[in-house]
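Residue numbers start from 1 in every chain, and the chains themselves are labelled A, B, ... in the order their sequence lines are given, proteins ahead of strands. These numbers come from a predicted model, not from an experiment.
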There are 2 protein chains.
Amino acid sequence: MSQTHQSTERLLQLAQQVEAAIGQLREAGYKNTRKRQALLEILLREHGPFSVEELQQRMPIECDLATIYRNIAIFEEQKMITACDFGDGLKRYEWAGEEHEHHHHIICQQCRKTDHLDLCFVGELEKLVREKGYTAVSHRLEFYGICQRCQRKRSA
Amino acid sequence: MSQTHQSTERLLQLAQQVEAAIGQLREAGYKNTRKRQALLEILLREHGPFSVEELQQRMPIECDLATIYRNIAIFEEQKMITACDFGDGLKRYEWAGEEHEHHHHIICQQCRKTDHLDLCFVGELEKLVREKGYTAVSHRLEFYGICQRCQRKRSA
DNA sequence: CTTTTTGCAAAAGGTTTGCAGATCA
DNA sequence: TGATCTGCAAACCTTTTGCAAAAAG
């Protein structure tokens, strides 16, 4: 499969996903706007997690932060995105579609870049928590470290 | 062991721990003040995690929030307390003494009260993260749910 | 008496909100 | 046209900082 072929396919898939998201929003009574669509495209293409400011930087057109916050709130209410909190005072958001199953992050303590981890056997622990009498149990697991690029920078 | 006896012992232990903490602070060049000592007592007695406002409420004497923030910063620098972030926009702090080993929390989504969990086999996962090339790896694991008291309130 | 500590008020960051004008359907 | 959406500015909330007065040693 050629590189070109692959990216064409990807673009098509993206367009479909954006369409689906816009459809869901329309059913909930929200209109389709250029900025809203641009936000959806960014989140669908790059997945995140992104802070509100990072989203603003990626926007192809100028967009007020308030607008981004308000759209983020709508996406969250529609369960299209999920919020993460890495403890540095910024909320971040990532696309929550089925293609991005439950997963965890590793956060570089230096550059704050995040990577995904496809490991999770914490579900077993959740059972223990339920046995303590809690309902609606969920969890959040974040790893912190220094990534390889920052290690190289540091020693340089 | 009678209740009275036990609490006398506990009080003695507390006094010793406060003394030790004050000593450590003195060596680092910090003076002993009533408010500082009161903060240490609260953290040592109740362990936390507490938000800054919760600490203020527990203070036996009036104390400005700025004072609490500044002392918190000193305690943190001295590694006497550790910060937690449960993703609700408030930082919380808990005593980090040896008697409180590495542990995790379960947070009630309704009343925000936290409980400790003495389970952790996530250390194994940390190894996998190191194998991805990260150094200085640590993690944070929080469980969320609805506690029994809130479940009763809800159905009432 | 010198240094640290404190309270107050102002500033700083991230986020939210009210409102009038622009945009969508 | 009537609805939602947007930008702007102001408000909000938690946390930080500057400064003069108070407390510690």
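- Checking D:dC19, D:dG7, D:dT15 against every side-chain atom of A:Asp64, the shortest atom distance belongs to D:dG7.
- Each of A:Arg92 and B:Thr67 was assigned the nucleotide of DNA chain C with the nearest heavy atom; the assignment lying further toward the 5' end belongs to B:Thr67.
- Note: A:His105 and A:His116 have perpendicular aromatic rings, judged against thresholds of 30 and 60 degrees for the angle between ring planes.
- With hydrogens and angles ignored, no donor-acceptor pair under 3.5 angstrom links the side chain of B:Lys31 to the base of D:dA23.
- Taking atom CD on B:Glu76 and atom C1' on D:dT16, their separation rounds to 14 Å, with Å as the unit.
- Between A:Asp85 and A:Arg140 there is no salt bridge, since no side-chain N of the basic residue sits under 4.0 Å from a carboxylate O of the acidic one.
- In this structure, CZ of A:Arg34 is placed 9 Å from P of C:dT23, rounded to the nearest angstrom.
- Residue-to-nucleotide proximity on DNA chain D shows that, of B:Leu90 and B:Asn32, the 5′-proximal contact is made by B:Leu90.
- For B:Arg70 and C:dG7, a side-chain-to-base donor-acceptor distance below 3.5 Å is present, hydrogens and geometry of angles not being considered.
- Put simply, CG on B:Leu65 is 16 Å from C1' on C:dA11, counting in whole angstrom units.
- One finds a side-chain N or O of B:Asn71 lying less than 4.0 angstrom from the OP1 or OP2 phosphate oxygen of C:dT6.
- The existence of a salt bridge linking A:Arg130 and A:Glu126 is confirmed by a sub-4.0 Å separation between a basic side-chain nitrogen and an acidic carboxylate oxygen.
- Within the 4.5 Å cutoff, the side chain of A:Ile72 has heavy atoms near those of the A:Leu55 side chain.
- A sub-4.0 Å separation between OP1 or OP2 of D:dT4 and a side-chain N or O of A:Thr33 is absent.
- In this structure, B:Tyr69 reaches the D:dT15 phosphate: one of its side-chain N or O atoms is under 4.0 Å from OP1 or OP2.
- As a whole-Å value, the separation of A:Asp88 CG from C:dT15 P is 10 Å.
- Closest approach to the B:Lys35 side chain among C:dT15, D:dG7, C:dG7 is made by C:dG7 (side chain taken as heavy atoms from C-beta onward).
- Look at CD1 on B:Ile68: it is 13 Å from P on C:dC8, rounded to the nearest Å.
- Atom CD of A:Gln57 has more than 12 heavy atoms from other residues, nucleotides or ligands within 6.0 Å.
- One interatomic measurement links the two molecules: CD1 of B:Ile61 to C1' of D:dA22, which rounds to 14 Å at whole-angstrom precision.
- Each of A:Ala66 and B:Gly89 was matched to the nucleotide of DNA chain D holding its nearest heavy atom; the match closer to the 5' end belongs to A:Ala66.
- Rounded to an integer number of Å, the gap from A:Glu54 CD to C:dG14 P is 11 Å.
- For A:Ile74 and C:dC24, the CD1 to P distance is 15 Å, given to the nearest whole Å.
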